[in-house]
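Worksheet: the structure to be examined is printed underneath.
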Amino acid sequence: MSEAIIEAVAIEKSYPQPDGTRIQVVGATDLVVESGKIIALLGPSGCGKSTLLRMLTGLSEPTSGTLMWHGKPLDGQTPNVAIVFQSFALFPWLTVLDNVEAPLEARGVPAVERHKRALRTLDTVGLDGFETAYPKELSGGMKQRVGFARALVVEPKVLFMDEPFSALDVLTAENLRGELLELWLNKKMPTSAIFIVTHNIEEAVMLADRVMVLGRNPARVRSDFNVRLKHPRDRKSARFVELVDYIYKVMTEPDVEHVIPDAETTAEIILPKGGLTKDALKKQGAPIRTAKYQMLPHARVGGIAGLVELLQDRGGREDLFRLSEELVMDVEDLLPILEACVLLGFAWLKEGDVQITPQGTAFAEADIQHRKILFRKACLEHVTILKQIESILKRKSDHSIQDEFFHDILDEYFAEEEVQRQFETAMNWGRYAEIFDYDRESGRLVQSEPPAPAESAPVESHDPAAAPKP
């Protein structure tokens, strides 16, 4: 086994609430960052990937658990790591050379030494000749190269990357991935390990020696396995496609335990599942709050309708991997729309396939007004917060209420940054379904008149077992 640079033992992250309870974002997690490996961390949006990365880098302290650096507790020390961010994060008033020198200056490296190291690193990433340029003169790909150089110039033991290619166009991102891999394989990088957070499944299988997939509410490791494929890797090879399809299944079917295909080729690392138990959390202090409200996928009605129509046009069933490829969408973009369709009863997922339900077929074939009726019915059957809003508005004498009431409710069950996203999604769905009107200026929700019913054929109940066979 390779040397363990960073070792996390039962690290957990939760945030305190006014009532003394805590919202758990990352469940108790065991994790090892080994020397000589590229590790990719995947997971749905909002699952806690970046929170976990910040804990591993020392930017955020775990609420509980132990973080080890070369076998010794970190205890507030700053580990020798560097981070490449999605947003480039360059100083616009500094030249390329000055941007790369900045972290060395912060560490007190003498001017002559930091100048030499910065020039050498810029040459490594292919930016020699651009030392005096300013960020506004550079393309997105070149800006990210500056980000790589700034991270590598400090010669980190572990290079952390938080979705470093997601802000780039497809061709530029592909080019940078290839260059990163070339530097790594040819040992031109002064780093012992790479830890990359990504939402791109193919990117993870293409680059990583080891892939970890997180679940959410709270974040937990659902799968952790070594990718035993030699570089360069062929996207069209049977083994590559098998692994991509496996990860899709893990991410889209959170309640199903999947087995990695062909275990002889890919060795799975089995880690403890789930987070801390309620009893364990109580021993540590404040109790954990169990979420009463499901986390709504951040998908708009137009995207939901578009996907349902697409499935209907394709005979009602499609392979998820093929669908993602043809739509030229990363799983991070497609998954929330799929989750919304499943939550509302318009589709179901099984073994990597997405299939329309009878409710979904009725929705796809309906006219505009009847779609609103079907969407309203689905929301009030399956979405707790919308069901509660409808009930309260119906019972109030003036049939209206301030939006802060629901903000406060959601704040009890979700982390601060998630509350607004949940509220915006609920507003988008509820207004389309004519459950309520919302005046953003006054911040009041007012009960709507439901859409007039239209004659339609009865819709069968949502039952995957009764779904038509392909």
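Using a 4.5 Å heavy-atom cutoff, the side chains of S192 and I5 are in contact. Contact annotation: the side chain of V25 never approaches that of R216 to less than 4.5 Å [non-hydrogen atoms, C-beta and beyond]. Using a 4.5 Å cut-off on side-chain heavy atoms (C-beta onward), V250 and L42 make no contact. Contact annotation: the side chain of M251 approaches that of L335 to within less than 4.5 Å [non-hydrogen atoms, C-beta and beyond]. In this structure the side chain of V81 reaches within 4.5 angstrom of the side chain of W69, judged on heavy atoms. Contact annotation: the side chain of L311 never approaches that of T361 to less than 4.5 Å [non-hydrogen atoms, C-beta and beyond]. Residues F195 and L56 have side chains in contact (heavy-atom distance under 4.5 Å, counting atoms from C-beta outward). Side-chain contact between L343 and M295: absent, with no pair of heavy atoms (C-beta onward) separated by less than 4.5 Å.
Residue F130 qualifies as open at atom CZ: its count of foreign heavy atoms under 6.0 Å is 12 or below. Around atom CZ of R300, no more than 12 heavy atoms belonging to other residues, nucleotides or ligands sit under 6.0 Å away. Environment of CZ in F91: sparse, with no more than 12 heavy atoms of neighbouring residues, nucleotides or ligands closer than 6.0 Å.
Distance alone, capped at 3.5 Å, places no donor-acceptor pair between the Q355 side chain and the A347 backbone. In this structure a side-chain-to-backbone donor-acceptor pair under 3.5 Å is missing from S60 to M55. At distances below 3.5 Å, not a single donor-acceptor pair connects side-chain atoms of K37 with backbone N or O atoms of A208.
With 3.5 Å as the limit, one finds a donor-acceptor pair spanning the side chains of H70 and E3. Side chains of E163 and T198: a donor-acceptor N/O pair is absent below 3.5 angstrom, by distance only.
Residue pairs meeting the side chain to side chain donor-acceptor pair (under 3.5 Å) criterion with at least one partner in residues 94-108, sequence neighbours excluded, are T95-D98, E101-R114, E101-H115. A side chain to side chain donor-acceptor pair (under 3.5 Å) check over residues 145-162, counting only residues at least two apart or in different chains, returns the pairs S50-D162, R145-E179. Note on residues 302-313: pairs passing salt bridge (charged side-chain N to carboxylate O under 4.0 Å, His left out), not counting sequence neighbours, are E309-R371. For residues 123-143, there are no side chain to side chain donor-acceptor pair (under 3.5 Å) pairs, not counting sequence neighbours.
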Take R239 and E242 through the salt bridge (Lys or Arg N to Asp or Glu O under 4.0 Å) test and state the conclusion after the steps. CA-CA 5 Å; R239 188 69 198 138; E242 277 184 339; 2.5 Å; yes
Kindly indicate, with the supporting measurements, whether the criterion salt bridge (Lys or Arg N to Asp or Glu O under 4.0 Å) is fulfilled by R431 and E424. CA-CA 11 Å; R431 293 169 83 176; E424 290 295 336; over 6 Å; no
When you look at R421 and E418, which way does the salt bridge (Lys or Arg N to Asp or Glu O under 4.0 Å) test go after all the steps? CA-CA 5 Å; R421 289 186 292 181; E418 184 62 35; 2.6 Å; yes
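Considering only residues two or more places apart in sequence or on other chains, R314 meets the side chain to side chain donor-acceptor pair (under 3.5 Å) condition with E318, E326. The side chain to side chain donor-acceptor pair (under 3.5 Å) check on E182 picks up nothing, with sequence neighbours excluded.
Ring orientation note: the planes of F363 and F375 are tilted relative to one another, at an angle of 30° to 60°.
With F225 as the aromatic partner, R210 does not meet the cation-pi criteria of under 6.0 angstrom to the ring centre and within 45 degrees of the ring axis.
Across T66, D30, T63, L52, a single residue satisfies side chain to side chain contact (heavy atoms under 4.5 Å, CB included) together with I11, and that is L52.
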